[in-house]
Amino acid sequence: MIQLENIHRYFQVGEQTVHALNGIDLKIDAGEYVSVMGPSGSGKSTLLNIIALLDRPSSGRYLLNCRDVTELDDNTLANIRRDNIGFVFQFFHLIPRLTAAENIEMPMILAGIDPRERRHRVSQALAAVGLSDRAKHRPDQLSGGQRQRVAIARATIMRPGVLLADEPTGNLDRASGISIMQLLEELNRRNMTLIVITHDRELGSRASRSLQMLDGEIVL
Amino acid sequence: MRSIDVLHQAARAVASQPLRALLILLAMSIGVTSVSVLTALGESACRYIVHEFEALGTHLLIVLPGRTETTGGQPPLFGETPRDLTLDDAAALLKSRFIEAVAPINIGSAPVSTGGLERKTNIIGSTAALQQVRHLSIAQGRFLPRMEADQSAPVCVIGQTIREELFGRRQALGKWLRINDRRFRVIGILASEGQSIGVDFDELVIVPVASAQALFDTSSLFRILLQAKSKRAMYAAVDDIRSIIRSRHEGEDDVTIITQDSVVSTFDNILTALTLTVASIAGISLAVAGVLVMNVMLVSVAQRSSEIGLLKALGATRVQLCWLFLTEAALLSVAGALTGLLLGQAAIGVLQLLYPGFPLALPDWALFAALAVATGTGLLFGVIPALIAAGKDPIQALARH
């Protein structure tokens with residue numbers, strides 16, 4: 001489903017060229033549960049951004065669902081991202097003025113889905129993350145764990161094939177962190193490809209496949 | 001993305017920052033208010049003056065002796081002295097089939113007295129046709145009788161001020177007046193007209209033109225007022241007047257002809273230009289409001305950086321982001337423009353209360369123009385922030401918290 005072939009990514013920082021990704025070859029099948037670990041600056045986030053189509057590789061080829069997405073224009077990428085990739089962030093990134101339900105609804109609004117269908121799917125998603133009674137609450141009225149649940153509901157509302165989680169528990173206490181991981185793994189069991197970036201060894205080891213990164217390369 | 005959703009999301013974003021919304025609303029509405037009030041003032045002044053001119057008469061032509069343009073040559077040798085207009089000229093003009101009525105005018109100043117009271121005032125000599133040509137109305141009695149223009153008669157028609165000052169509460173009709181050394185009987189009193197472009201009919205005494213010529217010892221006319229048969233006949237009448245005068249003045253049409261609509265349209269043009277100038281100056285405040293819209297939107301884009309990054313990560317395209325922010329700017333400007341129009345109408349209403357004699361109203365075109373310009377300004381100045389928002393790099397935008 002995800003196939004990276006000899007991906008390089010350079011950044012120009014002043015006079016220096018930083019080699020963030022250095023010849024990444026990676027194949028992830030549908031329904032896999034992969035964790036990506038490594039120290040800061042090892043290229044984890046760059047890899048995730050490239051997989052999420054937020055960033056373009058400097059060289060190499062990226063096939064998503066057997067389609068070469070390396071050379072597509074911004075609008076096409078935005079649409080592919082919307083329909084195929086769900087994103088969960090360390091800092092939740094909910095829109096503060098919108099309620100939980102409206103935050104979850106946002107990807108469907110961007111996709112131009114009919115409002116009745118939207119309402120139906122939002123209430124289903126809220127139920128799935130156990131927040132039906134918080135639909136009208138704004139993010140600042142929710143706990144960290146609840147916010148991340150809203151973010152997960154939003155990430156999955158378009159029924160994407162891939163769910164990318166960047167330090168999903170990094171901003172949560174241990175108990176909420178574990179319950180968030182359980183929720184993500186539950187989604188993975190229903191055949192959603194799950195890629196988790198984490199510093200946390202224990203968390204990383206829960207995945208069926210664990211990748212270790214160092215200096216822009218996958219070392220394990 | 002559905003347009004209704006774009007609108008809804010933009011409205012939510014506007015509502016979430018009430019202070020920002022209020023500021024833009026204020027700036028925009030001040031701009032629109034000043035544009036609409038000043039346009040209304042200009043337009044109304046224009047209409048007022050045009051109305052005044054139209055009240056002079058319908059299809060009015062004025063013939064003055066002498067030409068406005070000069071012909072060459074040294075004055076003593078080749079320069080021409082214009083021939084005077086005479087009563088015969090006036091009578092000849094009436095033969096044109098395009099001319100309905102001719103009123104020769106003679107004007108002068110003389111003391112008017114009765115019963116020991118005396119005042120100096122303007123005396124107009126004319127014929128019965130003057131009433132028709134200048135739309136004069138009579139309060140009491142009747143206007144000058146129809147008779148040959150070269151016949152004099154000891155009768156006069158007086159204005160309201162003259163009646164009050166010379167007769168007070170006494171009956172004026174039928175009484176005798178003395179103008180210079182001649183006696184005239186008052187046969188009519190004009191209804192109060194007020195000031196009407198240069199001539200105050202309330203302070204006037206009107207006598208038969210031949211009597212006035214005798215009073216001022218002259219055989220020439222001050223001017224001739226004519227009424228054309230229709231608006232279209234006016235231009236044919238101008239040609240007729242020229243050829244008639246030419247045949248009577250030894251081949252020279254040494255007169256100046258002023259048509260009423262040329263005067264009206266000249267004033268109309270000048271005042272419209274003035275109105276547009278004033279409105280444009282007021283429009284500068286709209287431009288300032290536009291810059292404020294841009295400023296506030298730029299701050300908003302910077303503040304909502306992570307939101308923009310998020311929307312991109314969720315699959316928003318550049319065009320969608322552009323529309324979202326542009327719609328916000330448009331909503332703010334439209335709201336400001338509508339508020340401004342309301343304030344403008346209120347200001348016009350207050351002015352109307354203060355100056356009831358001056359009819360003040362904002363023309364429809366100005367209403368729509370103010371709305372369109374305000375919205376256009378908002379959109380124009382909203383484009384740059386929207387483009388900046390749409391062009392943001394999602395990774396950097398998301399990295400900032």
Side-chain angles (χ1 to χ4, degrees), chain A residues 9 11 20 45-46 48-56 73-99 102-115 117-118 138-139 151 154-158 160 164 166 170-171, chain B residues 1-21 297 299-328 331-332 386-401:
Chain A
R9 181 73 173 95
F11 294 104
S45 294
T46 308
L48 196 75
N49 286 334
I50 284 181
I51 292 175
L53 301 169
L54 287 172
D55 198 4
R56 289 169 190 271
D73 66 83
D74 277 0
N75 276 349
T76 319
L77 287 182
N79 288 337
I80 293 176
R81 190 156 62 229
R82 188 187 69 206
D83 297 333
N84 296 287
I85 293 164
F87 229 124
V88 177
F89 307 90
Q90 180 180 359
F91 294 99
F92 323 129
H93 282 303
L94 300 177
I95 298 175
R97 63 172 176 279
L98 302 181
T99 64
E102 288 167 332
N103 266 292
I104 296 171
E105 194 184 7
M106 188 51 84
M108 293 191 289
I109 292 177
L110 293 172
I113 291 173
D114 180 76
E117 166 79 6
R118 287 190 329 225
R138 281 203 314 273
R154 179 181 64 193
T156 53
I157 197 77
M158 293 298 291
L164 303 173
D166 190 354
N171 226 18
Chain B
M1 199 167 177
R2 301 147 60 101
S3 339
I4 182 93
D5 287 327
V6 174
L7 203 67
H8 182 238
Q9 291 300 323
R12 290 292 299 265
V14 168
S16 70
Q17 286 162 291
L19 186 65
R20 171 186 81 140
M297 287 305 295
V299 171
S300 178
V301 167
Q303 279 177 342
R304 280 150 69 191
S305 180
S306 83
E307 177 188 328
I308 294 164
L310 170 78
L311 288 175
K312 284 204 152 181
L314 293 181
T317 61
R318 275 163 183 272
V319 177
Q320 285 176 333
L321 277 170
C322 221
W323 273 119
L324 276 171
F325 279 87
L326 211 52
T327 309
E328 270 185 50
L331 279 177
L332 287 167
L387 285 178
I388 290 176
K392 266 191 187 290
D393 175 9
I395 299 165
Q396 279 182 10
L398 279 169
R400 297 229 231 108
H401 318 293

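Chain naming here is simple, since letters A, B, ... match the order of the sequence lines and numbering starts at 1 in each. Keep in mind it's a predicted model, so treat the numbers as computed, not measured.
- For a residue to count as touching a neighbouring chain, one of its non-hydrogen atoms must lie under 4.5 Å from one of that chain's; by this rule A/E102 touches chain B with the side chain only.
- A/N79 and A/T76 form no side-chain donor-acceptor contact under 3.5 Å, judged by distance and modelled atom types alone.
- A donor-acceptor contact shorter than 3.5 Å links the side chain of A/R81 to the backbone of B/K312.
- In this structure, the portion of A/I113 lying under 4.5 Å from any heavy atom of chain B is its backbone and not its side chain.
- Using a 4.5 Å cut-off between heavy atoms, A/D114 touches chain B through backbone and side chain atoms alike.
- Residue contact with chain B, scored on non-hydrogen atoms closer than 4.5 Å, involves the backbone and the side chain of A/D55 alike.
- The contact between B/A13 and chain A is made by backbone and side chain atoms together, counting heavy-atom distances below 4.5 Å.
- Between A/F87 and A/F89, the ring-plane angle classifies as parallel under the 30° and 60° cut-offs.
- Counting heavy-atom pairs closer than 4.5 Å to chain B, the top-ranked of the candidates A/L98, A/L77, A/I85 is A/L98.
- Heavy atoms of B/L324 lying under 4.5 Å from chain A are absent altogether.
- The pair B/D5-A/R118 counts as a salt bridge, with a side-chain nitrogen and a carboxylate oxygen less than 4.0 angstrom apart.
- Top candidate by heavy-atom pairs under 4.5 Å with chain B, chosen from A/A155, A/P115, A/A111, A/P107, is A/P115.
- Salt bridge annotation for B/E328-B/R304: present, with a cationic side-chain nitrogen under 4.0 angstrom from a carboxylate oxygen.
- Of the two parts of A/N75, the backbone and the side chain both hold a non-hydrogen atom closer than 4.5 Å to a non-hydrogen atom of chain B.
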